[in-house]
Amino acid sequence: MRYWLYKSEPATWSWDQQKAKGDVGEEWTGVRNYQARNFMREMKIGDRGFFYHSNEGKEVVGIVEVVREIHPDSSADDPKWECVDIKAVMDVPNPVTLDRIKGEDKLKDMVLVNNSRLSVQPVAEDEFAHVCTMGGVDPKQAMKG
DNA sequence: GCCAACGTTGGC
DNA sequence: GCCAACGTTGGC
């Protein structure tokens with residue numbers, strides 16, 4: 001299993017809205033960047049990820065799971081843009097802010113820290129576990145399929 | 001609201 | 001195929 005991070009501006013699509021979709025989940029539409037799209041092409045059903053609020057909050061607020069693999073983005077005019085569907089799995093009780101992440105030596109290589117503009121990005125397994133712990137989530141719970 | 005970083009576009 | 005101009009993202 002691999003781990004990911006999805007950014008969303010809460011004003012556009014918030015964690016509460018994602019949770020309201022329940023286990024059916026929702027298409028992760030709107031990605032218009034090749035790097036981000038290519039990462040979504042690598043995703044498998046069951047892969048876990050972080051839901052991150054950009055701009056407002058700047059924090060990891062939830063754990064999500066891939067429920068449908070790559071397919072055309074229904075919001076795109078051009079079929080080259082594709083996406084996956086994800087569902088909310090659990091809250092992160094103590095949202096992990098970007099500031100806290102930047103303060104952790106173990107997380108200095110996170111894509112979030114080094115490429116702030118990439119909206120869908122991979123997270124290393126140990127990074128994922130560490131952020132879970134910081135957020136008050138049991139990594140075993142968050143990382144099992 | 002500003003601007004740095006990054007991606008894309010298009011002229012040459 | 002280079003690179004200047006432009007647009008967008010997202011942290012500050």
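Lettering follows sequence order; numbering is per chain, from 1.
Residue-level contact check: A:Lys58 touches the bases, meaning some heavy atom is under 4.0 Å from a base atom.
Look at A:Tyr34 and you won't find any side-chain N or O under 4.0 angstrom from OP1 or OP2 of B:dC6. For the OP1/OP2 pair of C:dT8 and a distance below 4.0 Å, the side-chain nitrogens and oxygens of A:Lys7 include no atom meeting the criterion.
A side chain to side chain contact (heavy atoms under 4.5 Å, CB included) with A:Asp47 holds for exactly one of A:Ile86, A:Val84, A:Val67, A:Val66; it is A:Val66.
Side-chain contact of A:Tyr52 with A:Lys58: a donor-acceptor pair under 3.5 Å is absent, judged by distance alone. No hydrogens or angles considered: a donor-acceptor pair under 3.5 Å links the side chains of A:Ser75 and A:Asp73.
The CG-C1' distance, from A:Leu98 to C:dT9, rounds to 14 Å in whole Å. Across the protein-nucleic acid pair, A:Glu59 atom CD and C:dG11 atom C1' stand 14 Å apart, rounded to whole Å. Counting to the nearest Å, the P atom of B:dA5 and the CD atom of A:Gln35 are 17 Å from each other. The distance between atom CG of A:Leu5 and atom C1' of C:dT9, rounded to the nearest whole Å, is 15 Å. The separation between A:Arg100 atom CZ and C:dG11 atom C1' is 18 Å, rounded to whole Å. Taking atom CG on A:Asn33 and atom P on B:dT8, their separation rounds to 6 Å, with Å as the unit. Separating the CD atom of A:Glu56 from the P atom of B:dG1 is a distance of 14 Å, rounded to the nearest angstrom. The interatomic distance linking A:Tyr52 (OH) with C:dG11 (C1') rounds to 8 Å, in whole Å.
With A:Asp85 contributing its side chain and A:Gly25 its backbone, the two residues share no donor-acceptor pair below 3.5 Å.
You'll find the ring centres of A:Phe50 and A:Trp4 outside the 6.0 Å limit. Within the 6.0 Å centre-distance limit, the rings of A:Phe51 and A:Trp28 are counted as a close aromatic pair.
A:Val64 and A:Met1 fall into different hydrophobic clusters, where Ile, Leu, Val, Met, Phe, Trp and Tyr side chains are chained together by heavy-atom contacts under 4.5 Å.
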Side-chain donor/acceptor pairs under 3.5 Å, residues 121-131 of chain A, sequence neighbours excluded:
unit_1   : atom_1 : unit_2   : atom_2 : d
A:Gln121 : OE1    : A:Leu112 : N      : 2.7
A:Gln121 : NE2    : A:Leu118 : O      : 2.9
A:Glu127 : OE1    : A:Ala124 : N      : 3.0
A:His130 : NE2    : A:Glu104 : OE1    : 2.6

Checklist line | Pairing string, 5' to 3', for DNA chain B - Watson-Crick or wobble contacts under 3.5 Å, brackets [ ] where pairs cross, | to another strand | finding: ||||||||||||

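Contact check of residues 109-118 of chain A against DNA chain C (heavy atom, cut-off under 4.0 Å) returns A:Ser116, A:Arg117.
For the pair A:Asn55 and A:Arg32, nearest-nucleotide mapping onto DNA chain B gives the more 5' position to A:Asn55.
One finds a salt bridge joining A:Lys19 and A:Asp91 here, because a Lys/Arg side-chain nitrogen approaches an Asp/Glu carboxylate oxygen to under 4.0 Å.
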